[in-house]
Amino acid sequence: MYRGISIMRMSRLFAPTLREVPAEAEVISHQYLLRAGYIRKTAAGVYCYLPLAWRVLRKIEGIVREEMDRAGGQEVLLPALQPAEIWQESGRWDVYGKELFRLKDRHERDFCLGPTHEEVITVLVRGEINSWRDLPKRLYQIQTKARDEIRPRLGLIRCREFIMKDLYSFDRDEEGLEDSYQAMYEAYRRIFTRCGLTFKAVEADSGAIGGTGSHEFTVLADTGESVIAYCNSCGYAANLERAVASDATIKNESDEQQLPIQKVSTPDKHSIEDVTGFLGVDATKLVKTLIYRITYRERQEMVAVAVRGDRDVNEIKLKNALDALEVELADAVAVEEITGAPVGFAGPIGLEDVPILADPEVTVIANAVVGANEIDAHFINSNYERDWKAAKVLDLKNVVAGDPCPHCNAPLDTTRGIEVGHIFKLGTKYSSALNATYLDENGQAQYIIMGSYGIGIPRTMAAAVEQSNDEDGIIWPVPIAPYHVSIVPVNYNNDEQREWAEELYHQLTAAGIEVIIDDRDERAGVKFKDSDLMGFPLRITVGPRSLKENKVEIRLRADGTTWLVDKTEVVAKVQSELMAHQPQRQL
RNA sequence: CGGGGUAUAGCUCAGCUUGGUAGAGCGCUUGCUUGGGGUGCAAGAGGCCAGCGGUUCGAAUCCGCUUACUCCGACCA
């Protein structure tokens with residue numbers, strides 16, 4: 001189980017530790033990975049992985065490889081440098097936008113650095129796979145991707161260059177795709193479980209990659225960028241971008257008597273808080289009307305979006321509903337032009353030049369407050385249908401904790417997390433654009449049905465640190481720890497301690513355990529601190545106190561549990577502790 | 001891209017307001033000391049003060065531009 005003969009002395013290890021927190025590091029994983037000497041930054045979002053980090057990354061990769069192979073994957077390595085032609089052919093040269101690192105060769109030909117590899121692999125496969133007999137195929141690689149991120153941040157969590165495992169599945173039909181997708185779903189669960197992570201698989205928006213179905217694998221951590229909503233009673237879980245609330249409670253909203261609409265003066269009351277405070281009503285009685293600029297491939301238009309005053313517009317849902325390339329809030333000038341009033345007084349009544357899209361919730365507010373499209377004025381007692389109508393009524397809001405689950409109506413919970421894996425059903429999006437077909441049993445050409453499945457490897461490492469640390473440093477889950485055990489002789493200059501430390505070091509190494517010995521001429525405290533910071537699961541202290549009884553101390557990093565162990569029992573004890581701390585299957 | 005912030009020794013920062021030629025702590029080197037949670041003492045090494053331009057007798061310090069880094073909002077593994 002703990003194979004791999006890798007021995008190391010701390011005196012030789014290239015892992016410069018820092019006592020202070022570098023100013024650039026905001027989140028725990030970034031701070032500890034820098035301080036413990038795992039990574040160094042080369043440019044914003046571009047990092048060097050030092051030996052300890054590389055060992056962790058290779059362990060994660062090893063787990064990923066095993067599970068990909070188990071799920072029928074075959075490893076390949078595709079080019080990072082890619083010609084523009086294939087991106088032009090798929091249409092993404094223009095659509096992918098500024099995130100694509102573009103460059104020219106000496107002949108002025110366009111190239112890019114691969115942010116993902118659908119084009120390359122589809123072009124590869126279309127030339128070589130011709131018959132239904134060649135399918136299915138599942139090909140993967142573990143390779144460096146380049147994306148010119150808008151804003152790299154959070155250390156390894158959002159980088160411009162990062163290692164990714166990407167697998168592409170090629171099937172004959174939807175049924176085959178379903179098989180591949182399920183195989184990957186299961187493989188991902190195994191991978192993140194084996195890495196010792198607490199995670200959720202959630203329904204996700206398929207975003208720029210495109211396609212018909214998608215799940216994200218999200219490691220739960222407060223510092224994560226994604227928000228997920230989940231239901232504890234039925235298991236529903238979805239990314240906030242996609243999560244919906246049941247409309248069960250919407251329907252039986254109010255039986256309040258409709259009052260006559262009335263314009264009121266609301267001087268200088270722009271925000272929801274201003275208006276609710278001024279009029280003494282709850283935000284749920286307000287209709288928030290926002291003007292959006294919608295960009296399509298060849299044109300732009302403005303729309304008004306109405307949601308309840310306490311809600312936020314979900315721009316992903318808006319974008320998907322309109323099949324738009326981009327949606328953004330209109331600027332103040334445009335708002336004034338369209339509504340005839342400064343920002344803060346927009347409302348659905350009398351808004352004639354733009355279509356109104358309304359969330360279902362706003363259609364049931366009795367006697368709502370809405371902007372009057374006039375400076376310093378709102379309407380009170382407005383009612384949907386009587387006073388205004390939307391062009392379309394559809395779900396456009398972010399869910400919040402407490403909203404009813406769409407499946408079982410139990411209250412939803414929300415939590416933050418780090419998206420470490422994402423699986424997509426692509427269908428024929430790329431095979432049709434790039435003309436990747438096979439001949440079926442009837443000699444008919446059919447588009448290959450594809451899926452794509454990614455895992456961010458460094459991000460997974462960072463997520464593990466986010467999830468498992470304390471005030472002293474990292475606490476690695478055993479399966480991805482760079483070394484299992486550190487041996488700390490309290491005083492390496494002492495002959496007895498040194499000899500025993502060396503002896504144990506060789507015994508453990510011979511048993512296949514990955515061990516590092518701190519042979520530095522440092523104070524015990526320094527060595528303890530570094531060992532804790534670096535996060536090795538077990539530490540063996542060889543010092544005079546226990547040596548008197550022919551014993552050494554074995555200490556568990558996770559909770560500080562310490563055992564005094566006879567020197568002859570060390571290997572057995574270490575093995576049993578490592579085994580005991582293997583992650584359990586969590587399904 | 002928009003909005004803020006920062007840039008001085010390897011790291012964390014002072015110095016700038018009020019221009020006069022560079023500092024601390026940690027780390028590093030050497031020696032002694034100490035030796036179970038970042039020992040103590042002493043002596044050292046180390047800076048084109050991000051870059052460019054301007055003002056001035058004189059600029060880390062004042063002014064302008066540029067670049068990099070970083071935080072807050074739209075993308076994604």
Side-chain angles (χ1 to χ4, degrees), chain A residues 16-27 30 34-35 37 40-46 60 64 96-100 115-116 142-145 147-167 188 204-209 214 216-219 224-226 239 241 292-293 295 315-316 318-319 326-329 331 418-424 452-463 472 488-494 497 521-533 539 541-547 552-553 555 560 562:
Chain A
T17 57
L18 301 171
R19 211 182 276 209
E20 288 178 278
V21 182
E24 70 194 50
E26 182 90 344
V27 296
H30 194 192
L34 281 168
R35 281 192 54 205
R40 285 294 184 267
K41 183 176 64 182
T42 298
V46 181
I60 296 170
V64 168
Y96 210 91
K98 293 186 186 134
E99 224 163 283
L100 193 59
T116 173
I142 297 176
Q143 195 220 32
T144 298
K145 304 287 193 244
R147 294 184 186 172
D148 197 355
E149 289 285 346
I150 292 168
R151 182 149 91 85
R153 66 186 136 165
L154 306 177
L156 294 188
I157 292 172
R158 181 162 225 82
C159 283
R160 291 192 295 175
E161 184 186 281
F162 62 98
I163 301 166
M164 177 165 131
K165 183 286 302 179
D166 46 326
L167 183 143
Y188 275 40
D205 184 73
S206 44
I209 309 276
S214 169
E216 265 178 29
F217 289 77
T218 301
V219 170
E225 293 179 287
S226 28
N239 187 303
E241 292 171 355
Y292 272 88
R293 179 186 304 277
T295 306
E315 296 186 355
I316 302 286
L318 179 63
K319 185 166 136 181
E326 201 144 341
V327 303
E328 56 178 338
L329 272 174
D331 56 53
I418 300 165
E419 179 193 356
V420 290
H422 204 154
I423 60 179
F424 297 92
S452 93
Y453 315 84
I455 292 178
I457 306 289
R459 185 183 272 191
T460 300
M461 172 169 78
D472 291 315
V488 178
V490 169
N491 181 357
Y492 195 72
N493 294 323
N494 173 282
Q497 291 176 39
D521 182 14
E522 287 285 359
R523 313 259 318 171
V526 171
K527 294 187 272 198
F528 293 154
K529 286 286 185 190
D530 277 346
S531 182
D532 285 351
L533 182 61
R539 187 184 81 206
T541 307
V542 181
R545 285 185 200 162
S546 58
L547 233 39
V552 297
E553 283 170 30
R555 183 174 190 271
T562 303

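Lettering of chains follows the sequences in order, A, B, ..., and the numbering in each one begins at 1.
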Describe the nucleic acid contact of A:D532 in one word from base, sugar-phosphate, nothing, applying a heavy-atom distance below 4.0 Å.
base

So what does A:D166 hit on the nucleic acid, given a heavy-atom distance under 4.0 Å: a base, only sugar-phosphate, or nothing?
nothing

Give a yes or no on whether a donor-acceptor pair under 3.5 Å exists between the nucleobase atoms of B:G37, that is its base, and the side chain of A:R539.
yes

Under a 3.5 Å cut-off for both distances, is B:C1 Watson-Crick or wobble paired, and to whom?
B:G73

Over all strands shown, is A:E216 touching base, sugar-phosphate only, or nothing at heavy-atom distances under 4.0 angstrom?
nothing

Would you say A:R151 reaches B:C75's phosphate, i.e. side-chain N/O to OP1/OP2 under 4.0 Å?
no

How far, in whole Å, is B:A60 from B:A9 if one measures between their P atoms?
14 Å

Under 4.0 Å, counting only non-hydrogen atoms across every strand here, what does A:N239 touch: a base, just sugar-phosphate, or nothing?
nothing

Work out how far the P atom of B:G38 is from that of B:G47, and round it to whole angstrom.
32 Å

Give A:S226 one of three labels, base, sugar-phosphate or nothing, depending on what nucleic acid heavy atoms sit under 4.0 Å from its own.
nothing

Base, sugar-phosphate, or nothing for A:S546, non-hydrogen atoms under 4.0 angstrom?
base

4.5 Å side-chain heavy-atom contact, A:L156 and A:H30:
no

Check every strand shown and say whether A:L547 touches a base, only sugar-phosphate, or nothing at a heavy-atom separation below 4.0 Å.
nothing

How would you label the contact of A:R555 with the nucleic acid (heavy atoms, under 4.0 Å): base, sugar-phosphate, or nothing?
base

So, does the side chain of A:D521 form a donor-acceptor pair with the base of B:G35 at under 3.5 Å?
yes

Determine if A:F528 stacks with B:G38; use a centre-to-centre distance below 5.5 Å and an interplanar angle below 30° as the criteria.
no

Watson-Crick or G-U wobble partner of B:G44, both distances under 3.5 Å
B:C28

Say we look at B:U18 and B:U34: how far apart would their C1' atoms be, to the nearest angstrom?
48 Å

What does A:P16 touch in the nucleic acid at a heavy-atom separation under 4.0 angstrom: a base, only the sugar-phosphate, or nothing?
nothing

Side chain of A:R35, backbone of A:L18: donor and acceptor closer than 3.5 Å?
yes

Whole-Å P distance, B:G5 and B:C62
15 Å

Now, which nucleotide makes the Watson-Crick or G-U wobble pair with B:U18, with each of the two distances under 3.5 Å?
none

Report which part of the nucleic acid A:N493 touches: base, sugar-phosphate, or nothing (heavy-atom distance under 4.0 Å, all strands).
base

Does the side chain of A:R158 get closer than 4.0 angstrom to OP1 or OP2 of B:A77 through an N or O atom?
no

Remember a base hit wins even if backbone is also touched, and classify A:V420 as base, sugar-phosphate or nothing at under 4.0 Å, heavy atoms.
sugar-phosphate

With a cut-off of less than 4.0 Å, is there a side-chain N or O of A:R545 near OP1 or OP2 of B:G36?
no

When the P atoms of B:A14 and B:U6 are considered, how many whole Å apart are they?
10 Å

Which part of the nucleic acid, if any, lies within contact of A:G456, taking any heavy atom under 4.0 Å across all strands shown: a base, the sugar-phosphate backbone alone, or nothing?
base

Between B:U30 and B:C1, how far apart are the P atoms? Round to whole Å, please.
49 Å

What is the pairing partner of B:A9, taking Watson-Crick or G-U wobble pairs with both distances under 3.5 Å in any strand?
none

Any strand counts, and the cut-off is 3.5 Å on both contacts for Watson-Crick or G-U wobble. Which nucleotide pairs with B:G64?
B:C52

Between B:U55 and B:C69, how far apart are the two C1' atoms, rounded to whole Å?
29 Å

Just to be sure I understand the rule, does A:K41 reach a base, reach only the sugar-phosphate, or reach nothing, if contact means heavy atoms closer than 4.0 Å?
sugar-phosphate

Give one of base, sugar-phosphate or nothing for A:E328, where a contact means two heavy atoms less than 4.0 Å apart.
nothing

